[in-house]
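These numbers come from the heavy atoms of this one structure, side chains and all, not from hydrogens, waters or symmetry mates.
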Amino acid sequence: PIVCVCASLSVYDQSLSMEGLRVLELYSGMGGMHCAFDSCHITGHVVAASDINTVANTVYRHNFPETKVLASSIESISVAEFERFRADLLLMSPPCQPFTRQGKQEHSKDPRCQSFLHLTRVLSSMQNPPKFILMENVKGFERSHTRGTFVTALQSRGYQFQEFLLSPHQVGVPYVRWRYFLVAALPPHTLPVPPTGTVLCGLPRAPADVETMTQIVPQPPEVVSDDSGSSAVAGDSEQPAPDDDSAAAAAPAKRHKGANNSNTNTSKSSSNSSNDRSRSNNSVDNDNDEKGEDEDDVELGEGGAVVDGTEKPLWTLCPVEKLREYLDADPAMLDPTSEAWRACALDEKTVCRFGRVMDIVTPDSFRCVCFTKSYGVYAEGTGSVLQLQLTAEDKAALLQQHTLAATVRAAYADAAASDTQQSQPQQQQQSQQRSKWTCPLSESEPCPLMAMKLRYLTSREMANLHSFPASHSFPASVTVKQQRRLIGNSLSVRVVAHLIQYVLPATYKSPDAATK
């Protein structure tokens, strides 16, 4: 359930449409922000959604058939067309690849950023811009030049805005996924707490709460001068970006594929293939290419933050629930002998190769790490895997056994390699003594870590951790691989719901909204 974090909000002007709040959702993906808006029980409706990913649009229409979905590029939508939406609230989650630590960090020069820059120009030109804005992006956007361009546009229109870095585990979900958020209100509307000019790692109920919260100072835009003496924000020029394919070919591989695809349909439909070929600037693929983002110099963890070498507690709204509350209710998913469990199980090759670097959680864990769009395809750094309940001692013993086995095999391989370099008499002599150092662990023996009974989380479980309602589903035409990609590129519905309630005045809320 969503709990309103604002004890009370002022009532603003009453000049509201009888139809309620008009919401425009851009970069809509599989509809996470729509779900968040619905969960707030606010009088109003989403008038339109926009995304160019055909698979995402299929899922969106499946869950929200009453909402018009635009499959055209945002850059093709003119100022006049935006005016016709008459949007009171703008929800958006622009592409994040230009801002990820593991990406090229080209910011505004990245082609995938052009639709957002177009939208920034639209907001600057509209006669009737949205009263409220809520934006989500990857952690790292707060350090980008594009952020400077965007907030400058907001300031030019008189918007009051506040920036946040928030994670689902701060609102009770056992899931660590730090994301950047910005909320803005256009006068005469104001935010419930005066803006701080910093990035807050919490959601204040009153101005006094800000003093106890971790705050990060966003990097201001770097201003550079050209030969003519004019100034511009670095990264916002019209210079062409390097070719992604050539750069990717020159870069080393970041991740290894896991061998398990038993529950993943790897065949691509024609529509999905089209999406893969056209990673456009307002595609749903808002995650880094293969792995989660590294943290910056401000370390944000599940229990605290380290800022300038000082550890500080993190703001939390409520205690974190156990992971089991978000797992599939089917008992078969906790039974390693069932077909359903085996369909999600990690195979032996993947477990033995990557078991020590995987994030392994149990049903009684209070956290799991961020899922990316490559979850289930790449074994390392793409999200947590689930094991059946084992004690910490059992787990440590298995890891030690696995290390010993790997060490013995490595020593045997080194000895065998040395043997091949010896002379003929030496080889004969060594052959007679080989039984003294023959590897006691053959490759045919089972990997010790297989006793941990590891499996991937299902798409439904991933959606649960992103707080999608149980009613949200995928049509039969969407493969498991496509489902995971969409969820990995999605957002926390619960966090967005809290932010919607934070930015909207009481005028827009139904009487029971504060108790939902």
Side-chain angles (χ1 to χ4, degrees), residues 2 4-6 9-29 31-51 60 64 66-70 74 77 79 81-94 116 119-120 122-124 126-137 150-151 153-154 157-164 166 179-192 195 203 491-510 513-514 516:
I2 302 300
C4 181
V5 297
C6 307
L9 293 172
S10 301
V11 177
Y12 298 96
D13 62 292
Q14 301 296 322
S15 58
L16 303 176
S17 171
M18 293 300 295
E19 63 182 337
L21 198 75
R22 294 176 61 85
V23 182
L24 177 61
E25 184 180 12
L26 303 180
Y27 312 97
S28 50
M33 287 194 168
H34 194 142
C35 290
F37 178 77
D38 287 348
S39 72
C40 292
H41 300 270
I42 294 170
T43 304
H45 67 289
V46 178
V47 296
S50 175
D51 203 294
Y60 196 104
F64 309 107
E66 74 287 351
T67 301
K68 181 179 181 180
V69 179
L70 307 175
I74 288 176
I77 306 176
V79 174
E81 289 173 306
F82 272 109
E83 295 276 14
R84 284 196 287 271
F85 288 125
R86 296 186 293 116
D88 299 303
L89 171 63
L90 174 61
L91 304 174
M92 57 177 169
S93 180
F116 180 63
L119 184 59
T120 299
V122 167
L123 288 172
S124 299
M126 292 180 67
Q127 291 185 355
N128 298 291
K131 300 178 179 69
F132 308 99
I133 297 174
L134 193 160
M135 172 195 165
E136 182 264 1
N137 210 280
F150 182 53
V151 300
L154 294 178
R157 298 307 303 262
Y159 279 98
Q160 190 181 74
F161 66 91
Q162 178 63 58
E163 299 167 279
F164 302 92
L166 300 172
R179 286 297 181 266
Y180 170 90
F181 297 92
L182 179 146
V183 296
L186 187 67
H189 305 289
T190 60
L191 298 176
L203 203 56
L491 44 75
S492 171
V493 172
R494 188 179 295 189
V495 171
V496 172
H498 283 296
L499 287 166
I500 290 175
Q501 292 194 10
Y502 181 86
V503 71
L504 292 182
T507 309
Y508 288 94
K509 300 175 183 177
S510 60
K516 296 295 182 182

Can you find a heavy atom in the side chain of [X] that is under 4.5 Å from one in the side chain of [Y]?
X: F161; Y: I133; answer: no
X: F132; Y: V183; answer: no
X: R86; Y: N128; answer: no
X: F181; Y: V496; answer: yes
X: V503; Y: L191; answer: yes
X: V122; Y: I74; answer: no
X: I42; Y: V23; answer: no
X: L504; Y: H189; answer: no

Would you check if the side chain of [X] reaches a backbone N or O of [Y] as a donor-acceptor pair within less than 3.5 Å?
X: Q160; Y: T190; answer: no
X: E136; Y: R179; answer: no
X: S50; Y: L26; answer: no
X: N137; Y: P94; answer: yes

Can you list the residues that meet the ring-ring contact (aromatic ring centres under 6.0 Å, His included) rule with F150, with sequence neighbours excluded?
-> F116
Set of residues satisfying ring-ring contact (aromatic ring centres under 6.0 Å, His included) with respect to F64, sequence neighbours excluded | H34, Y60
Would you say the ring centroid of F164 lies under 6.0 angstrom from that of Y502?
-> yes
Taking atom [atom1] of [X] and atom [atom2] of [Y], what is their separation to the nearest 0.5 Å?
X: I500; Y: D38; atom1: CD1; atom2: CG; value: 9.0 Å
X: L166; Y: R494; atom1: CG; atom2: CZ; value: 13.5 Å
X: L499; Y: M135; atom1: CG; atom2: CE; value: 12.5 Å

What is the minimum heavy-atom distance between [X] and [Y], and which atoms define it?
X: H41; Y: S39; value: CD2-O, 3.0 Å
X: L186; Y: P129; value: CD2-CG, 3.8 Å
X: Q501; Y: C40; value: CG-SG, 3.6 Å
X: P130; Y: L123; value: CD-CD2, 3.7 Å
X: G29; Y: D51; value: N-OD2, 3.1 Å
X: T120; Y: A153; value: CG2-CB, 3.4 Å

Only one of V46, L89, D88 forms a side-chain contact (heavy atoms from CB on, under 4.5 Å) with R22, so which one is it?
-> D88
Check the surroundings of atom CD in E66: do more than 12 heavy atoms from other residues, nucleotides or ligands lie under 6.0 Å from it?
-> yes
